[in-house]
Amino acid sequence: MAKRNDQASCPGTDRGPDSATIRRIRRRLLAWYDGNRRRLPWRAPPGRKSDPYAVWLSEIMLQQTTVATVGPYFGNFMARWPNVKALAGAPLDDVLHAWQGLGYYARARNLHKCAKAVAGHPAGKFPDTEAGLLELPGIGPYTAAAIAAIAFDQPAMPVDGNIERVTARLFGITTPLPKGKPEIAAAARIFAATERPGDFAQAMMDLVERI
DNA sequence: TTCCGGTACG
DNA sequence: CGTACCGGAA
């Protein structure tokens with residue numbers, strides 16, 4: 001990895017926000033988040049460490065359902081299976097039944113499979129890197145980045161359709177999708193390489209509600 | 001009623 | 001790379 005091979009030889013695709021712009025947007029976004037962050041059951045209070053199990057569980061549920069709907073299900077799961085070991089030890093049928101109403105039952109199966117995989121590890125804990133998380137059942141690129149950032153403060157940025165919209169808005173990127181996707185992804189990625197990756201990710205998520 | 005969406009799978 | 005999954009929202 002001696003040299004960086006960007007698209008300097010490809011005219012028209014090497015655009016990106018300059019560092020001053022990025023710094024300005026960072027400050028603005030974090031300041032906004034510090035004053036407007038949503039209080040969510042799976043979200044740790046400011047300054048406190050979040051529970052990776054809770055973050056993982058919520059992210060899996062939120063893949064397919066709104067915050068309002070997930071709320072009660074998340075509470076039920078946490079009350080019944082407070083940690084990954086408890087969930088791993090539960091009968092699959094119980095998990096599927098508790099999942100009833102959320103849809104995408106393949107994910108409930110993967111949830112259970114993932115819990116068993118994690119609990120089966122020597123450490124019995126979730127991997128704290130994006131790459132490690134990505135290997136687990138039911139965890140794709142988006143969820144791996146979300147958990148890495150929120151639970152472990154790793155420099156990762158989950159990018160879904162909403163984050164794309166927010167990023168495009170923040171950086172004034174007007175290139176229409178899907179053509180502007182690489183440009184937007186590049187901007188979002190720069191965001192992640194900062195000191196408060198978890199807060200950035202959650203700020204982006206919360207900001208969606210205000211756009 | 002159509003459209004939308006992370007992930008796994010074909 | 002396209003499709004299925006399953007409910008909610010438009």
Side-chain angles (χ1 to χ4, degrees), chain A residues 38 40-43 50 52-77 84 87-88 92-121 126-152 154-169 173 175-189 191-192 197-198 200-211:
Chain A
R38 290 178 295 177
L40 301 171
W42 47 86
R43 185 176 282 182
S50 56
Y53 171 71
V55 173
W56 163 72
L57 178 60
S58 69
E59 285 301 329
I60 298 297
M61 289 179 167
L62 288 165
Q63 282 171 5
Q64 56 212 32
T65 317
T66 60
V67 168
T69 304
V70 162
Y73 284 90
F74 176 80
N76 290 340
F77 268 71
V84 68
L87 184 58
L92 175 59
D93 283 346
D94 289 0
V95 176
L96 290 172
H97 184 259
W99 192 268
Q100 191 170 12
L102 284 178
Y104 291 96
Y105 293 95
R107 296 172 190 258
R109 299 178 185 275
N110 281 331
L111 186 84
H112 190 243
K113 197 187 297 181
C114 182
K116 293 177 95 164
V118 171
H121 271 297
F126 282 87
D128 61 1
T129 65
E130 194 174 356
L133 290 161
L134 200 49
E135 294 176 21
L136 292 167
I139 299 183
Y142 174 86
T143 307
I147 298 173
I150 297 170
F152 299 110
Q154 297 286 310
M157 178 63 81
V159 181
D160 63 359
N162 290 330
I163 305 264
E164 275 181 351
R165 287 193 299 124
V166 172
T167 302
R169 172 74 78 92
I173 299 172
T175 313
L177 294 169
K179 196 167 190 287
K181 217 163 178 176
E183 187 180 356
I184 293 169
R189 187 170 193 174
F191 251 163
F200 274 118
Q202 293 173 101
M204 295 287 272
M205 293 169 176
D206 283 13
L207 193 56
V208 170
E209 313 296 324
R210 301 264 298 175
I211 288 188

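Given the structure is predicted, the values throughout are model-derived calculations rather than measurements. Note on naming: letters A, B, ... go to the chains in the order of the sequence lines (proteins, then strands), and numbering restarts at 1 for each one.
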**OP:** Would you mind telling me which of dG8(C), dA8(B), dT7(B) lies closest to the side-chain atoms of Thr69(A)?
**Re:** dG8(C)
Original post:
What about Tyr104(A), does its side chain sit under 3.5 Å from the base of dG5(B) through a donor-acceptor pair?
Top reply: yes
**OP:** Output yes when Arg165(A) and Asp160(A) qualify as a salt bridge under the 4.0 Å nitrogen-oxygen rule, no when they do not.
**Re:** no
Original post:
So, is Tyr105(A) close to the dG7(C) phosphate, meaning a side-chain N or O under 4.0 Å from OP1 or OP2?
Top reply: yes
Nucleotide [N], atom [atom2] - distance to [atom1] of [X] in whole Å:
X	N	atom1	atom2	answer
Met205(A)	dG5(B)	CE	P	15 Å
Glu135(A)	dT7(B)	CD	P	15 Å
Gln63(A)	dG5(B)	CD	C1'	10 Å
Leu96(A)	dC5(C)	CG	P	16 Å
Asn162(A)	dG8(C)	CG	P	18 Å
Leu62(A)	dG7(C)	CG	C1'	14 Å
Met61(A)	dG8(C)	CE	P	14 Å

Subject >> Plane angle bin for Trp42(A) and Phe74(A) - parallel if under 30°, tilted between 30 and 60°, otherwise perpendicular >> reply: perpendicular
Original post:
Are the ring centres of Trp99(A) and Tyr73(A) closer than 6.0 Å?
Top reply: no
Regarding [X], tell me which of base, sugar-phosphate or nothing describes its non-hydrogen contacts under 4.0 Å with the strands shown.
X	answer
Thr143(A)	sugar-phosphate
Gln64(A)	nothing
Ile60(A)	nothing

Original post:
Are Thr175(A) and Glu183(A) close enough that a side-chain donor and a side-chain acceptor fall under 3.5 Å?
Top reply: yes
